[in-house]
Amino acid sequence: GYADAGGGVYLAGSNCIIDDVIIQNCHGYWKGGGVFSTGDSSSLVNCNINNNSSDDGGGLYCYYSTLNILSSKIQYNFTNDDGGGIYLDNSDPIIKKTLISNNNSDYGGGCYIWYSNPQLINCTLSGNNSVHGSALYCDRSDTSLLSSIVWNNTTYPIFLNNPNSYHTNSIDISFCDILNGQSGVYN
């Protein structure tokens, strides 16, 4: 599929469960190659979001959304700018038991987090590529990374952009396996 936003799926103000669906080879010209979610509280369960592209959020883009992702795979997505796999913009999802791998972007290869407070639980972020934050790029956000694996990503796997005096930026990392340990986290 092809669209300005959400080349595969466009969710607006929805409350649905999308279960066992493959979203692939889609393009969102503006945002969300595979999925675009706004004002939404839906769930993606057992989904594969693969080989999608967009300017931001190659796999999916969440804007003021609480789209939750469970037991899914977000792989081989590409963006010209930020958030190869996922772009979170003022969104607070729970991402659980999900593989985020082999995505590419300028910033936030696996996930670009902007003014958002996501929880990533039992996730694997591997093989993602970007200039900064190849696994996670956090900017003005409070992120939780719990019981997860961050492995084999390229430069600066977890990157916290320096907060200014008006905004906080933090990441809570607990019970995780990160290649090179603390040196894999940059701020």
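- Under the ring-ring contact (aromatic ring centres under 6.0 Å, His included) criterion, Tyr115 pairs with His167, not counting sequence neighbours.
- Scanning all heavy atoms of the two residues, the minimum distance from Gly32 to Ser54 falls at N-OG, 3.3 Å.
- The same ILVMFWY cluster, assembled from side-chain heavy atoms under 4.5 Å apart, contains both Ile18 and Ile86.
- Partners of Thr98 by side chain to side chain contact (heavy atoms under 4.5 Å, CB included), not counting sequence neighbours, listed by chain and number: Ile69, Ser72, Ile74, Ile95, Ile100, Cys123.
- A donor-acceptor contact closer than 3.5 angstrom is absent between the side chains of Asp20 and Asn46.
- Interatomic distance, OG of Ser130 versus CG of Asp81, reported as 12.5 Å (0.5 Å rounding).
- Here the side chain of Asn128 pairs no donor or acceptor atom with the backbone of Asn153 at under 3.5 angstrom.
- For the pair Leu44/Leu67, a side-chain contact is recorded, criterion being any heavy-atom separation below 4.5 Å from C-beta on.
- Annotation: side chain of Ile113 is not in contact with side chain of Asp139 (no heavy-atom distance under 4.5 Å).
- The distance from atom NZ of Lys73 to atom CG of Asn102, rounded to the nearest 0.5 Å, is 12.0 Å.
- Judged by distance alone, with hydrogens and angles left aside, the side-chain atoms of Asp40 form no donor-acceptor pair with the main-chain N or O of Thr38 at under 3.5 Å.
- The side-chain heavy atoms of Ile94 and Pro118, taken from C-beta on, include no pair separated by under 4.5 Å.
- Checked by atom type, the side-chain pair Asp92/Thr66 shows no donor-acceptor distance below 3.5 Å.
- Tested against Lys31, the residues Asp4, Asp56, Asp55 include a single salt bridge (charged side-chain N to carboxylate O under 4.0 Å, His left out) partner, Asp56.
- Other residues, nucleotides and ligands contribute over 12 non-hydrogen atoms within 6.0 Å of the CG atom of Leu179.
- The backbone N or O of Asn161 lies less than 3.5 Å from a partner atom in the side chain of Asn169, making a donor-acceptor pair.
- Put simply, CG on Asp172 and OG on Ser144 are 5.0 Å apart, with the number rounded to the nearest 0.5 Å.
- Transitive grouping of hydrophobic side chains (ILVMFWY, heavy atoms separated by less than 4.5 Å) brings Trp114 and Tyr156 into a common cluster.
- Under the 4.5 Å side-chain heavy-atom criterion for Ile, Leu, Val, Met, Phe, Trp and Tyr, Ile121 and Ile149 are members of distinct hydrophobic clusters.
- Residue Phe78 shares its hydrophobic cluster (ILVMFWY side chains chained together at separations under 4.5 Å) with no other residue.
- Within the 4.5 Å cutoff, no side-chain heavy atoms of Asn51 are placed close to those of Asn77.
- When hydrophobic side chains of Ile, Leu, Val, Met, Phe, Trp and Tyr are connected at separations under 4.5 Å, Val131 ends up as a singleton with no cluster partners.
- The minimum heavy-atom distance between Gly59 and Ile49, with the atom names listed, is O-CG2, 3.5 Å.
- Summarising the geometry of Cys176 relative to Leu145, their closest heavy-atom pair is SG-O, 3.3 Å, with the distance given to 0.1 Å.
- The heavy-atom pair separating Gly7 from Cys26 by the smallest distance is C-CB, 3.8 Å.
- Panel note: side chain Ser65, backbone Tyr63; no donor-acceptor pair is recorded below 3.5 Å.
- Cys62 has its side chain within reach of Leu60: a pair of non-hydrogen atoms, C-beta onward, lies under 4.5 Å apart.
- Atom CG of residue Asn129 and atom CG of residue Asn152 lie 11.5 Å apart, to the nearest 0.5 angstrom.
- Residue pairs meeting the ring-ring contact (aromatic ring centres under 6.0 Å, His included) criterion with at least one member in residues 94-113, sequence neighbours excluded: Tyr87-Tyr112, Tyr107-His132, Tyr107-Tyr137, Tyr112-Tyr137.
- Counting only distance, with no hydrogens or angles, the side chain of Ser147 and the backbone of Asn122 share no donor-acceptor pair below 3.5 Å.
- With contacts defined as side-chain heavy-atom distances shorter than 4.5 Å, the pair Ile158/Leu125 does not qualify.
- For the atom pair OH (Tyr61) and OG (Ser37), the distance works out to 11.5 Å, reported to the nearest 0.5 Å.
- Considering only heavy atoms from C-beta on, Trp151 comes within 4.5 Å of Asp177 through its side chain.
- Between the Ser91 side chain and the Tyr64 main chain, a donor and an acceptor come within less than 3.5 Å of each other.
- With rounding to the nearest 0.5 angstrom, the SG atom of Cys111 is 6.0 Å from the CG atom of Leu136.
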Would you sort out whether Leu120 and Thr143 count as a side-chain contact (heavy atoms from CB on, under 4.5 Å), showing the intermediate values?
-> CA-CA 8 Å; Leu120 289 88; Thr143 302; 4.2 Å; yes
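- By the neighbour-count criterion of 12 heavy atoms within 6.0 Å, atom OH of Tyr29 is sparsely surrounded, having that number or fewer from other residues, nucleotides or ligands.
- In this structure, the side chain of Ser134 engages the main chain of Thr155 through a donor-acceptor pair within 3.5 Å.
- Proximity of a side-chain donor or acceptor of Asn52 to a complementary backbone N or O of Ile23 within less than 3.5 Å is detected.
- Side-chain N/O atoms of Thr79 and Ser105 include no donor and acceptor closer than 3.5 Å.
- Using a 4.5 Å heavy-atom threshold, the side chains of Pro93 and Leu88 count as touching.
- With sequence neighbours excluded, no residue forms a salt bridge (charged side-chain N to carboxylate O under 4.0 Å, His left out) with Asp82.
- Transitive grouping of hydrophobic side chains (ILVMFWY, heavy atoms separated by less than 4.5 Å) brings Ile173 and Leu160 into a common cluster.
- Residues Val21 and Leu99 do not share a hydrophobic cluster, defined by chaining ILVMFWY side chains whose heavy atoms lie under 4.5 Å apart.
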